[in-house]
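Since the structure comes first, as structure tokens, the remarks are kept for the end.
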There are 2 protein chains.
Amino acid sequence: MLPINNPIVVQHLLKDQIDAISPISDEEFAYILSHFVVKKLKKHAFLVQQGDHVKYDYFVMKGCLKAYVADEDTGKEFIYQFAVEDWWVTDREAYFKKSAATINVDCLEDCEVLGITLENREKLGAEMWKYEHFLSVKANWGYNSLQKRLQMMIMGNAKKRYESFIQQYPHLYNRIPKSFIASYLGVSRETLSRLYAL
Amino acid sequence: MLPINNPIVVQHLLKDQIDAISPISDEEFAYILSHFVVKKLKKHAFLVQQGDHVKYDYFVMKGCLKAYVADEDTGKEFIYQFAVEDWWVTDREAYFKKSAATINVDCLEDCEVLGITLENREKLGAEMWKYEHFLSVKANWGYNSLQKRLQMMIMGNAKKRYESFIQQYPHLYNRIPKSFIASYLGVSRETLSRLYAL
DNA sequence: CCCGACGAAGGACAATTGTCACTTTGATTT
DNA sequence: AAATCAAAGTGACAATTGTCCTTCGTCGGG
């Protein structure tokens, strides 16, 4: 049994994620959290828009977003990442270089995210060894997932890519419109539709 | 005019690369360099082989290599990165996680590379702020180039990918066999051949 | 000097995928 | 309840790309 005066442990996705890499106290987490801003967005709202100055790196608390590049010639979208609870998303290059965004990020559902500026990120990294470590592990995760994604795109045809997606993200399949999944897999909506008819 | 006793500045690709990010003295560079091992490899030799323990991250001094995954079913190769002078290459995930390599890296030409273990990498990072900074910038470069690569693969057909490759790596086009470039672009050798006939 | 290995080009045909048009379904709005 | 709209499935056809095969030229070793 918990002691009567046990302080309430507030469940927090971000704390859990950091904890899994380098365990921190509630006080430390509260300090970290104070460097983030909360943003609530409606479905279809933009988190990052092409040409914007990208002030924040975002951690997703609730909802689902897509990051994509828009082909101006054809008007088509090419989704290169989905982000759901527990994921991070931003235009990484623009964020670090303080350059204009080349990608868009928008909400597929009502969303709630935490944003941190580059300045606060570096401040926390310099102040807390544990956070610095967390960042470097997180950077590796990002790299590895990009590499997996690239491998999926290079290796084989539409069906293989589809199967690989299902295997890697079973929970996204019934959450995201098929047309967006098709864009993520680099095939037309119709082709995707025919794949799982088999 | 240079003073008569000016010490000879040894030209070194790696020093130049570090210098461009955080300038270091010759002494500092000599110290850094002492943490690397030199490897010389003949054409066709493997630098990393699937299943290996990946001990080093490699900086290419001379030569040209390809990093690829082999599809066991079809026996085909999918090249996801070329590496020439001034580039880094390894199986990044395996290197950091100390897991078995899932990719192969082999030499398209006789090569000369510098290798650094994860232990030495971390030692240098901890000892020298400048090197730590260099590593983090380098990590971002790697991420950004992967992202560009992914965008290239997602957006559009074989011709667009080909044009994008030519634009980004004009010097690689006449150095690397077309069949490998085709593999990098995710098309058959024949299709690539037909593209620049137009 | 010839031979074999390799890289490259291209023809013929098959397989894959994209495009367009139409239909159905279910959710949302009025 | 009717109207509207977004999402998804499907058929027909066209465009793209892969596969298989043959030919050609270059380079280096015997």
Side-chain angles (χ1 to χ4, degrees), chain A residues 42-45 63-66 68-71 73-79 82 106-110 152-166 169-198, chain B residues 42-45 63-66 68-71 73-79 82 106-110 152-166 169-198:
Chain A
K42 294 265 175 208
K43 183 172 174 173
H44 296 128
C64 177
L65 306 97
K66 65 186 202 304
Y68 60 97
V69 283
D71 185 327
D73 301 341
T74 61
K76 287 180 185 169
E77 290 183 6
F78 298 94
I79 297 173
F82 293 117
D106 68 28
C107 301
L108 301 183
E109 308 169 356
D110 291 354
M152 181 181 90
M153 292 303 291
I154 293 180
M155 298 190 66
N157 52 24
K159 197 190 296 186
K160 278 194 180 173
R161 299 206 293 274
Y162 167 71
E163 284 162 359
S164 157
F165 176 79
I166 295 292
Y169 306 110
H171 52 293
L172 293 187
Y173 177 71
N174 5 20
R175 183 168 178 183
I176 295 174
K178 303 280 174 289
S179 55
F180 293 144
I181 294 179
S183 166
Y184 181 86
L185 294 176
V187 297
S188 69
R189 190 182 55 75
E190 291 91 338
T191 297
L192 177 64
S193 177
R194 285 169 190 129
L195 284 179
Y196 47 74
L198 309 182
Chain B
K42 293 265 175 208
K43 184 170 174 174
H44 296 129
C64 178
L65 306 97
K66 64 188 203 301
Y68 60 97
V69 284
D71 185 325
D73 302 340
T74 60
K76 287 181 187 169
E77 291 183 7
F78 297 94
I79 295 174
F82 293 116
D106 67 27
C107 300
L108 302 183
E109 308 169 357
D110 291 355
M152 181 180 89
M153 292 303 293
I154 293 180
M155 297 190 67
N157 52 23
K159 196 191 297 188
K160 278 193 183 175
R161 298 206 293 275
Y162 167 70
E163 285 161 357
S164 156
F165 176 78
I166 295 291
Y169 306 109
H171 51 296
L172 292 187
Y173 176 69
N174 4 21
R175 183 168 177 182
I176 295 174
K178 304 278 174 291
S179 56
F180 294 144
I181 294 179
S183 166
Y184 180 87
L185 295 175
V187 298
S188 70
R189 192 180 52 73
E190 291 91 340
T191 297
L192 178 63
S193 177
R194 285 169 193 128
L195 286 178
Y196 47 73
L198 308 180

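This one's a predicted model, so the numbers in the text were calculated from it and none came from an experiment. Below, read A as the first sequence line, B as the second, and so on, with proteins coming before strands; counting in each chain starts at 1.
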### Query
Under the 6.0 Å and 45° cation-pi test, does A:K178 pair with A:Y173?
yes
### Query
Which whole-number value in Å describes the distance from A:M153 CE to C:dT17 P?
12 Å
#### Entry: Bending between helix ends of the helix from C:dC1-D:dG30 to C:dT30-D:dA1 [5 pairs per end, 10° resolution]
30°
### Task
Specify the residue among A:G186 and B:I176 whose closest nucleotide of DNA chain C lies further upstream toward the 5′ end.
B:I176
### Task
Starting at atom OH of B:Y196, determine the distance to atom C1' of D:dT17, rounded to an integer number of angstrom.
15 Å
### Task
Drop me the distance from A:F165's CZ to A:L185's CG, to the nearest 0.5 angstrom.
6.0 Å
## Note on the structure
Among the nucleotides D:dT19, C:dG10, C:dG18, whichever has the atom closest to the side chain of A:S188 is C:dG18
### Task
Give the rounded distance in Å between these two atoms: NZ of B:K43 and C1' of C:dA5.
11 Å
#### Entry: Short side-chain N/O contact from A:T191 to OP1 or OP2 of C:dG18, under 4.0 Å
yes
### Task
Between C:dA8, D:dT17, C:dG18, spot the one nearest the side chain of B:K178, thanks.
C:dA8
### Integer-rounded Å distance: D:dG18 P and A:K160 NZ
14 Å
### Query
How far does CD1 of A:I79 sit from CG of A:L108, to the nearest 0.5 angstrom?
7.0 Å
### Query
Between B:L185 (CG) and D:dT17 (P), how many Å, whole number?
12 Å
#### Entry: B:L192 CG - C:dG7 C1' separation (whole Å)
13 Å
### Task
Rounded off to whole Å, could you give me the CG-to-C1' distance for the A:L108 and D:dA6 pair?
14 Å
### Task
May I have the distance from A:L195 (atom CG) to D:dA8 (atom P), rounded to whole angstrom?
14 Å
### Query
Got a donor-acceptor contact below 3.5 angstrom from the B:D110 side chain to the B:K42 backbone?
no
Would you list the protein and nucleotides 20-23 of chain C atom pairs, both N or O, that sit under 3.5 Å from each other?
| from | atom 1 | to | atom 2 | distance (Å) |
| --- | --- | --- | --- | --- |
| C:dC20 | N4 | A:E190 | OE2 | 3.0 |

### Query
Atom CG in B:D106, atom NZ in B:K66: separation rounded to 0.5 Å?
3.5 Å
### Message
Is the phosphate of C:dT19 approached by A:K76 (side-chain N or O, under 4.0 Å from OP1 or OP2)?
### Response
yes
### Message
Counting C-beta onward and ignoring hydrogens, is there a side-chain heavy-atom pair between A:F82 and A:R175 closer than 4.5 Å?
### Response
no
### Out of D:dA7, D:dG9, D:dT17, whichever nucleotide has its closest atom nearest the side chain of B:N157
D:dT17
### Task
Drop me the distance from B:H44's NE2 to B:E109's CD, to the nearest 0.5 angstrom.
11.0 Å
### Task
Drop me the distance from A:M155's CE to B:D71's CG, to the nearest 0.5 angstrom.
4.0 Å
### CD on B:E190 to OG on B:S193, rounded to 0.5 Å
8.0 Å
